[in-house]
Participant: 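Here it is: the structure, laid out below.
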Amino acid sequence: MTKVHPKFPNTCDESLCDSKAAVVLTVWKKSLLFNCDGFTVYNANGELVFRVDNYMNCPRDNIVLMDASGLPLLSVRRKKLSLGDCWMVYDGETERDPILTARKNVNIITNRRTLAWVSSKRTILYEIEGSYSQRSCKILDERRNKKKTAEIKRKETVIGGVAFGKDVFKLIVESEMEPRVAMALTIILDQMFRSS
């Protein structure tokens with residue numbers, strides 16, 4: 001049986017690796033805990049980096065992104081009483097001063113590629129386009145002339161090129177974006193397009 005993230009020896013000497021290289025994460029839409037819904041995220045060495053554990057009977061309006069040891073990094077909360085699907089990202093488990101706000105694109109007639117807009121203090125930072133159901137999305141930086149800062153892609157096995165399916169995919173994060181922010185936006189996309 002093929003592993004979600006097989007361990008391979010590190011082929012890049014740390015002194016030779018470019019620090020501006022993209023970070024490739026393997027995202028598994030499965031919690032490490034029994035009877036939970038969530039995500040398990042591994043780095044290129046197969047080490048646990050992030051996790052999300054939500055109990056099945058809890059509301060999905062408050063999701064906490066944790067590091068490997070369980071410390072909260074970011075909280076993703078659905079904005080109540082808003083028009084459309086709107087999510088707020090907070091630092092740690094605080095509930096004041098959101099660092100990001102993501103809104104689902106509701107104008108699909110004129111703009112079919114855009115899934116969501118991400119802003120901070122009423123300034124649009126990112127546009128997310130593509131198809132989350134196909135695990136093919138790009139996060140484009142509006143401040144850098146729509147430069148791609150992160151991408152969600154299907155993951156294939158190293159041998160044979162067999163796709164894992166929708167529950168296992170790659171999150172490729174460029175150096176301009178923090179991996180935890182890219183993962184928070186992935187969680188938001190999963191909530192917005194949950195039936196996909």
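The first residue in the sequence is number 1, and the count goes up from there.
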Participant: Would M192 end up clustered with V64 when hydrophobic side chains under 4.5 Å apart are linked, directly or stepwise?
Facilitator: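 No: no chain of side-chain contacts under 4.5 Å links M192 to V64.
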Participant: Are Y90 and M183 linked, directly or through intermediate hydrophobic residues, by side-chain heavy-atom contacts shorter than 4.5 Å (ILVMFWY only)?
Facilitator: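 No, it is not one cluster - the side chains of M183 and Y90 are not joined through contacts under 4.5 Å.
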Participant: Does F50 share a hydrophobic cluster with V23, counting links as ILVMFWY side-chain heavy atoms below 4.5 Å and allowing steps through other members?
Facilitator: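 Same cluster: F50 reaches V23 through Ile, Leu, Val, Met, Phe, Trp or Tyr contacts under 4.5 Å.
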Participant: Do side-chain atoms of N43 reach the backbone of N45 as a donor and acceptor pair under 3.5 angstrom?
Facilitator: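 Checked: pair present.
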Participant: Could you tell me whether the side chain of R135 and the main chain of K166 form a donor-acceptor pair under 3.5 Å?
Facilitator: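 A pair under 3.5 Å: yes.
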Participant: Run E142 and L125 through side chain to side chain contact (heavy atoms under 4.5 Å, CB included) and show every step you take.
Facilitator: CA-CA 5 Å; E142 289 289 317; L125 302 178; 6.0 Å; no
Participant: What's the spacing between W87 CH2 and I63 CD1 if we round to 0.5 Å?
Facilitator: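 Here the rounded value is 5.0 Å.
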Participant: Test of understanding: with side chain to side chain contact (heavy atoms under 4.5 Å, CB included), list the residues that count as partners of R144, not counting sequence neighbours.
Facilitator: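 Result, side chain to side chain contact (heavy atoms under 4.5 Å, CB included) vs R144: D141, K147, E176.
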Participant: For the side chain of S75 and the backbone of G92, is there at least one donor-acceptor N/O pair under 3.5 Å apart?
Facilitator: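 The answer is yes, because a donor-acceptor pair under 3.5 Å joins these two groups.
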Participant: Does some side-chain heavy atom of V76 sit less than 4.5 Å from a side-chain heavy atom of L65?
Facilitator: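 L65 does not reach V76 side chain to side chain.
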Participant: Would you say the side chain of E127 lies within less than 4.5 Å of the side chain of R113, judging by non-hydrogen atoms?
Facilitator: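 Not touching, per the 4.5 Å side-chain cut-off.
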Participant: What's in the same ILVMFWY side-chain cluster as I124, cut-off under 4.5 Å, chained through other members?
Facilitator: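 Members besides I124, by chain and number: W117.
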Participant: Please find the pair of heavy atoms, one from A68 and one from L48, that lie closest to each other, and give the distance.
Facilitator: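 Scanning both residues, the minimum pair turns out to be CB-O, 3.3 Å.
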Participant: Out of curiosity, L115 CG to F193 CZ, how far, rounded to the nearest 0.5 Å?
Facilitator: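 So the gap between those two atoms works out to 4.5 Å.
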Participant: Is I139 linked to I99 within one hydrophobic cluster, defined over Ile, Leu, Val, Met, Phe, Trp and Tyr using a side-chain heavy-atom separation of less than 4.5 Å?
Facilitator: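 Linked within one cluster.
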Participant: Should E151 and E174 count as side-chain neighbours, where that means a heavy-atom distance under 4.5 Å?
Facilitator: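 They are not in side-chain contact.
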Participant: Side-chain heavy atoms under 4.5 angstrom apart, residues restricted to Ile, Leu, Val, Met, Phe, Trp, Tyr: same cluster for L140 and I188?
Facilitator: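 Unlinked, L140 and I188 end up in two clusters.
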Participant: Can you tell me if K138 has over 12 outside heavy atoms packed within less than 6.0 Å of its NZ?
Facilitator: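 At most 12 heavy atoms, drawn from other residues, nucleotides or ligands, come within 6.0 Å of this atom.
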Participant: To the nearest 0.5 Å, how far apart are NZ in K148 and CD in E129?
Facilitator: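 So the NZ of K148 and the CD of E129 are separated by 11.0 Å.
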Participant: How many angstroms lie between atom OG1 of T114 and atom CZ of R103, to the nearest 0.5 angstrom?
Facilitator: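 Result: 15.0 Å between the selected atoms.
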Participant: Just wondering, do C137 and L189 contact through their side chains at under 4.5 Å, heavy atoms?
Facilitator: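 Yes. Closest side-chain heavy atoms under 4.5 Å.
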Participant: Report the residues that fulfil salt bridge (Lys or Arg N to Asp or Glu O under 4.0 Å) with D167, sequence neighbours left out, ordered by chain and then residue number.
Facilitator: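 Listed in chain order: nothing, the list is empty.
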Participant: If I take atom CD1 from residue I128 and atom CG from residue L185, how far apart are they, to the nearest 0.5 angstrom?
Facilitator: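 Reported value, rounded in 0.5 Å steps: 5.0 Å.
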Participant: Look only at the side chain of D85 and the backbone of K104, and say whether a donor-acceptor pair between them is shorter than 3.5 Å.
Facilitator: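 Such a contact is absent between D85 side chain and K104 backbone.
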Participant: Once rounded to the nearest 0.5 Å, what's the spacing between atom CG of L100 and atom CG of D91?
Facilitator: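 Answer for the CG-CG pair, L100 versus D91, is 10.5 Å.
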Participant: Check S69 against R51 and note the closest heavy-atom contact, atom names and distance.
Facilitator: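 Closest pair (atom of S69, atom of R51, distance): C-NH1, 4.4 Å.
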Participant: Would K155 count as a cation-pi partner of F169, with NZ or CZ less than 6.0 Å from the six-membered ring centre and within 45° of the ring normal?
Facilitator: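 The answer is no, since K155 fails at least one limit relative to F169.
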Participant: Please check if the side chain of T26 supplies one atom and the backbone of Y42 the other of a donor-acceptor pair under 3.5 Å.
Facilitator: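 Checked: no pair found.
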Participant: Got V52 and I187 here, is their nearest side-chain heavy-atom distance under 4.5 Å?
Facilitator: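 When only atoms from C-beta onward are counted, I187 and V52 do touch, with a gap below 4.5 Å.
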